[in-house]
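One structure is given below, encoded as structure tokens.
One is the number of the first residue; the rest follow in order along the sequence. Just so you know, these numbers come straight off a predicted model, no measurement behind them.
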Amino acid sequence: MRFHTRKWVKPEDLNPNHTLFGGQLLAWIDEEIALYTVIQLENNKIVTKYMSEINFMASAKQGDIIEIGIEVIKFGRTSLTMKCEARNKMTRQTILTIDNIIMVNLGEDGKPKPHGKTEVTYVSDRLKD
């Protein structure tokens with residue numbers, strides 16, 4: 001799994017228990033998954049279709065640095081399926097896992113559109129053409 005993003009847990013990210021609010025972490029993940037999908041599919045018209053069970057395994061506190069990791073599981077005709085892990089950068093302790101997140105590629109009409117992709121590519125590889 002490649003860890004693409006780091007987030008610093010700040011006071012405004014905390015819940016009444018003074019740990020990272022789960023909704024904030026999910027918002028960070030949804031944004032990172034969306035950005036990753038836009039880059040992979042080369043289309044900024046994408047939507048989150050599905051997130052499987054979200055498994056909170058540990059908490060984080062103010063000052064912790066959270067890493068968000070993404071791994072592509074499958075390229076569908078109009079979708080991209082990934083899994084995700086959020087972990088504490090310093091301790092490497094897993095905070096959350098999500099086994100399936102499905103993002104759908106959309107056309108100008110807002111309906112699912114085939115993307116024609118079959119494997120992960122990197123921007124640096126695209127620039128060599």
Atom CZ of Arg6 with >12 non-hydrogen neighbours under 6.0 angstrom: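 No.
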Heavy-atom neighbours of Glu108 CD exceed 12 at 6.0 Å: no
Stepwise side chain to side chain contact (heavy atoms under 4.5 Å, CB included) check, His115 with Gln40: CA-CA 10 Å; His115 51 68; Gln40 282 302 306; over 6 Å; no
Should [X] and [Y] be regarded as members of a common hydrophobic cluster, given that ILVMFWY residues are connected when their side-chain heavy atoms come within less than 4.5 Å of each other, either directly or indirectly?
| X | Y | value |
| --- | --- | --- |
| Ile70 | Leu41 | yes |
| Leu14 | Leu96 | yes |
| Ile33 | Leu106 | no |
| Ile101 | Ile46 | yes |
| Ile29 | Leu35 | no |

Test side chain to side chain contact (heavy atoms under 4.5 Å, CB included) on Ile68 and Trp28 and set out the steps. CA-CA 8 Å; Ile68 300 171; Trp28 290 341; 3.8 Å; yes
Kindly indicate whether the side chain of Val120, heavy atoms from C-beta on, has any atom under 4.5 Å from the side chain of Phe75.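 Side-chain contact under 4.5 Å: yes.
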My understanding is that a hydrophobic cluster links ILVMFWY residues whose side chain heavy atoms are under 4.5 Å apart, including indirect links. Using that, what else belongs to the cluster containing Phe21?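 Direct or chained contacts put Phe21 with none.
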Grouping ILVMFWY residues whenever side-chain heavy atoms fall under 4.5 Å, the cluster of Trp8 otherwise contains Ile65
Heavy atoms only: give me the nearest [X]-[Y] pair and the separation to one decimal.
| X | Y | result |
| --- | --- | --- |
| Asn15 | Leu20 | ND2-O, 3.7 Å |
| Ala86 | Ile66 | CB-CG2, 4.1 Å |
| Lys83 | Asp99 | CB-O, 3.3 Å |
| Thr94 | Arg87 | CA-CB, 4.1 Å |

Does any N or O in the side chain of Asn105 come within less than 3.5 Å of the main-chain N or O of Thr78, such that one atom is a donor and the other an acceptor? no
I'd like to know whether Val72 forms a side chain to side chain contact (heavy atoms under 4.5 Å, CB included) with Met82, so could you lay out the CA-CA distance, the side-chain angles of the two residues, the decisive distance to 0.1 Å, and finally the verdict. CA-CA 4 Å; Val72 174; Met82 294 157 281; 4.0 Å; yes
Hey, mind stepping through Ile98 and Ser52 against side chain to side chain contact (heavy atoms under 4.5 Å, CB included) and telling me if it holds? CA-CA 6 Å; Ile98 306 172; Ser52 67; 3.8 Å; yes
